[in-house]
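Report on one structure; see the data block that follows.
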Amino acid sequence: MNLRIPGPTPVPDDILNAGARQMIDHRGPEFQSILSNVTEGLKLVFGTKGDLLILTGSGTSAMESAVVNTLSSGDKVLAISIGVFGTRFADIASVYGVDVQRVNYEFGEAASPSDIATILSQDPEIKAVMVTHNETSTGVTNDIKAIAKIVKEDSNRLLLIDAVSSLGSIPCPVDELGADVVISGSQKGWMVPPGLAMVAMSTRAWEAYEQSNLPKFYLDLGKAKDYLARGQTPWTPAVSVFYALEASLKKILDEGIENVYTRHKSLAEKTRTQVKGLGLELLADERVASNTVTAIRVPDGIDGRQLSKHIRETYNVVLGGGQQSLAGKIVRVAHLGYVEPTEIDDALSALDRGLNDLKSMGSQN
Ligand code: PLP
């Protein structure tokens, strides 16, 4: 099966095998060594000398941890949404009683740094900005450097970044950006199974942690930091995913992180070129199109859900679908993590054949 959804992504055999090892004592010396290696490896990829904590949970647990560890009820926060995951980030903060000011863009568009500059200059009470780096639901990457520069003009203002589907595949250099909380999830470009989430915390984020009054227990990053100092996690970790992540980080760092970014960029460009060559339309403007996932408009008269089902059943290729207002209107081809160019060729050929099949079925009715 050619799995082309944007996470969980296919896991290379050597990493899969690394994850299949026998259990160990998660409070013993072997796990301590793995936790230390994985934490140090992640810090290199995140580009941070600050704290890096690993949670057992999916990416959403890391989003929630970003909120509950740095914000307080009633804090005014600007939540920038360009799709489903930006809205989820805002919703999490709302649930906790944060005063969320939402700025929403059309699905397929990127956020405008100048809009953000205007909003922030008009409202000095905004304490934090939440933004998605790479919006997986639409295949759009925000200009995180420009956004970070604007947000951090006031160094006290917090910048919380969801980099779940970018980190490790598209540059998101945490310290260089001056970002305060940056999160990711294991099942994306990291080439490992779901189960772990990563959170980078700046010094400023820890100051905010001291002030934060939101309830937290499992996701309390102060506990994670204390336990990390002892070579442990507060709660039982997903040990097998740690094994896999240790192996995948070695693979990523052996290849060289810059080479990994270049590989993702060229595979994304190849994907977009081939999609256009098939006469299909990309959802996003190419200047903001993602290097990890490509969203393709489904031609009028065809239902994307029916198309994906047909392609899966007939050609053994699994595409991502459209979410919410994009349901049935787009299909998504993921190219993050461990991907051979031939797998993209195969997926796009299946898309082309699937479309032709559906058109000819339609014309026979
Ligand atoms: N943020 C982004 C950008 C994502 O792509 C995802 C998952 O697809 C999430 C957050 C949520 O992660 P999870 O589904 O692991 O909870």
Side-chain angles (χ1 to χ4, degrees), residues 3 6-48 50-63 65-66 134 136 162-172 174 182-201 218-219 221 224-225 227-228 230-257 259-261 263-264 292 334 336-339:
L3 184 66
T9 59
V11 179
D13 284 345
D14 51 342
I15 296 177
L16 214 47
N17 291 335
R21 272 148 50 203
Q22 186 51 274
M23 288 301 103
I24 50 170
D25 173 12
H26 65 295
R27 310 241 175 257
E30 297 97 333
F31 185 76
Q32 179 168 9
S33 154
I34 294 170
L35 179 60
S36 162
N37 287 343
V38 169
T39 304
E40 290 313 309
L42 286 173
K43 280 188 184 185
L44 289 175
V45 182
F46 273 65
T48 186
D51 286 310
L52 190 296
L53 303 158
I54 305 165
L55 308 174
T56 286
S58 80
T60 306
S61 72
M63 295 167 91
S65 81
N134 184 74
T136 325
D162 169 355
V164 168
S165 62
S166 53
L167 243 159
S169 311
I170 302 172
C172 186
V174 173
V182 182
I183 61 151
S184 191
S186 60
Q187 78 277 21
K188 305 286 181 179
W190 304 100
M191 307 180 285
V192 295
L196 293 179
M198 310 91 172
V199 190
M201 288 279 285
Y218 186 80
L219 298 176
L221 294 177
K225 189 180 177 183
Y227 273 79
L228 179 61
R230 298 181 231 164
Q232 294 178 24
T233 53
W235 330 117
T236 310
V239 173
S240 307
V241 191
F242 265 98
Y243 293 154
L245 189 54
E246 189 180 35
S248 86
L249 281 164
K250 186 172 179 323
K251 211 179 177 73
I252 289 170
L253 294 169
D254 282 351
E255 181 177 351
I257 189 64
N259 295 332
V260 173
Y261 297 148
R263 177 164 56 74
H264 279 81
T292 58
L336 73 169
Y338 175 67
V339 194

With a 4.5 Å heavy-atom cut-off, do [X] and [Y] have their side chains touching?
X	Y	value
Leu3	Thr9	no
Val182	Leu167	yes
Val45	Leu253	yes
Leu219	Ser61	yes
Phe242	Leu196	yes

Please name the pair of heavy atoms, one in [X] and one in [Y], separated by the smallest distance, quoted to 0.1 Å.
X	Y	result
Val241	Ser186	CG1-OG, 4.1 Å
Pro193	Ala244	CD-CB, 4.1 Å
Gly231	Phe31	O-CD2, 4.1 Å
Ser169	Leu336	OG-CB, 4.2 Å
Cys172	Ala163	SG-CB, 4.1 Å
Thr233	Arg27	O-NH1, 2.7 Å

Derivation and outcome, side chain to side chain contact (heavy atoms under 4.5 Å, CB included), residues Met191 and Ile252 | CA-CA 9 Å; Met191 307 180 285; Ile252 289 170; 3.8 Å; yes
Between the main-chain N or O of [Y] and the side-chain N or O of [X], is there a donor-acceptor pair closer than 3.5 Å?
X	Y	value
Tyr243	Gln22	yes
Ser184	Met198	no
Ser165	Asn134	yes
Arg263	Gly337	yes
Ser36	Gln32	no
His264	Asn259	no
Lys188	Pro6	yes

Would you please classify the geometry between the Trp190 ring and the Phe46 ring as parallel, tilted or perpendicular, with 30° and 60° separating the classes?
->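 Correct class here is parallel.
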When rounded to the nearest 0.5 angstrom, what is the spacing between [atom1] in [X] and [atom2] in [Y]?
X	Y	atom1	atom2	answer
Tyr218	Trp235	OH	CH2	9.0 Å
Asp254	Leu249	CG	CG	10.5 Å
Leu55	Ile183	CG	CD1	9.5 Å
Ile34	Ile54	CD1	CD1	11.0 Å
Asp51	Lys225	CG	NZ	4.5 Å
Leu16	Ser240	CG	OG	11.0 Å

Under the side-chain contact (heavy atoms from CB on, under 4.5 Å) test, which residues partner Asp14, sequence neighbours left out?
->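 For Asp14 the side-chain contact (heavy atoms from CB on, under 4.5 Å) partners, ignoring immediate neighbours, are Pro12, Lys251.
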Under the side-chain contact (heavy atoms from CB on, under 4.5 Å) test, residues paired with Ser58 that sit two or more places apart =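 So Ser58 forms a side-chain contact (heavy atoms from CB on, under 4.5 Å) with Thr60.
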Can you name the ring pair (Phe, Tyr, Trp, His ring centres under 6.0 Å) partners of Tyr227, sequence neighbours left out?
->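 Listed in chain order: nothing, the list is empty.
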Tell me, yes or no, whether the heavy-atom count around Lys43 atom NZ, taken from other residues, nucleotides or ligands under 6.0 Å, exceeds 12.
->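 Correct, the count exceeds 12.
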State which residue, out of Val199, Thr39, Leu44, Leu228, fulfils the side-chain contact (heavy atoms from CB on, under 4.5 Å) condition with Leu52.
->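 That would be Thr39; it is the only one of Val199, Thr39, Leu44, Leu228 passing the side-chain contact (heavy atoms from CB on, under 4.5 Å) with Leu52.
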